[in-house]
Amino acid sequence: MAHIILPIGYVALCVWMFRRRVWWFTYLAYFFVFGASGGWFLMLEVASLGAVPITAIPALGMELFLLTAAVFACLASSLVLQFRENKDRFERGAMFGGYSYLALHPAFIMIVIAGHR
């Protein structure tokens, strides 16, 4: 279900931000937050099915991506937005979204590990 709701939510948010003429980097920051969160929801779905041999290798690749690139992208985009002087609510939301992804990251990992058992 998340693979349908999150892209629709991201597109709706982009349209709303376009109408408000938000700084271009905010789109990128929300892309990282929505993409990383969607990846974890997809991992939770795979973990709930049990790691059958066909999904085990792609799941490991996805876990590696979510443990490395997604963390770096969320942290970097949040830091860029944090040091921007005049932040509006969209930029503040993207910044807090990136930081909250980093805070929730260990919980996501524990849920996936528990799902593999």
Does Tyr27 belong to the same Ile/Leu/Val/Met/Phe/Trp/Tyr cluster as Trp16, with side-chain heavy atoms less than 4.5 Å apart forming each link?
yes
For residues Ile5 and Val11: do they belong to one hydrophobic cluster (side chain heavy atoms under 4.5 Å, members Ile, Leu, Val, Met, Phe, Trp, Tyr)?
no
Is there a chain of hydrophobic side chains (I, L, V, M, F, W, Y, each step under 4.5 Å between heavy atoms) that links Phe83 to Val22?
yes
Restricting to non-hydrogen atoms, name the atom on Gly98 and the atom on Cys74 that form the minimum distance, rounded to 0.1 Å.
O-CB, 3.9 Å
Between Val15 and Arg19, is any pair of side-chain heavy atoms under 4.5 Å apart?
yes
Indicate, with yes or no, if Phe32 and Phe72 share a hydrophobic cluster defined by side-chain heavy-atom contacts under 4.5 Å among Ile, Leu, Val, Met, Phe, Trp and Tyr.
no
Are the side chains of Arg89 and Arg20 in contact, using a 4.5 Å heavy-atom criterion?
yes
Going from CE on Met17 to CG on Leu13, what distance comes out if it is rounded to the nearest 0.5 angstrom?
4.5 Å
Can any side-chain N or O of Ser78 pair as donor or acceptor with the backbone N or O of Leu75 at less than 3.5 Å?
no
Quick check on the 6.0 Å ring-centre criterion: do Phe90 and Trp23 meet it?
no
Approximate separation, where rounding is to 0.5 Å, of Arg84 CZ and Met95 CE
12.5 Å
Least distance between heavy atoms, Glu91 atom then Leu81 atom:
O-CD1, 3.7 Å
Heavy-atom pair of closest approach, residues Leu79 and Tyr99:
CD2-OH, 3.3 Å
Phe25 atom CZ, over 12 foreign heavy atoms within 6.0 Å
yes
Write down the atom of Ala94, the atom of Thr26, and the distance for their closest heavy-atom approach.
CB-CG2, 4.2 Å
Shortest non-hydrogen pair, Ala70 vs Tyr101, comes out as CB-OH, 3.7 Å
Should Ile8 and Tyr30 be counted in the same cluster of Ile, Leu, Val, Met, Phe, Trp and Tyr side chains packed under 4.5 Å apart?
no
Measure across Phe34 and Gly9 and return the closest heavy-atom pair with its distance rounded to 0.1 Å.
CE2-C, 4.0 Å
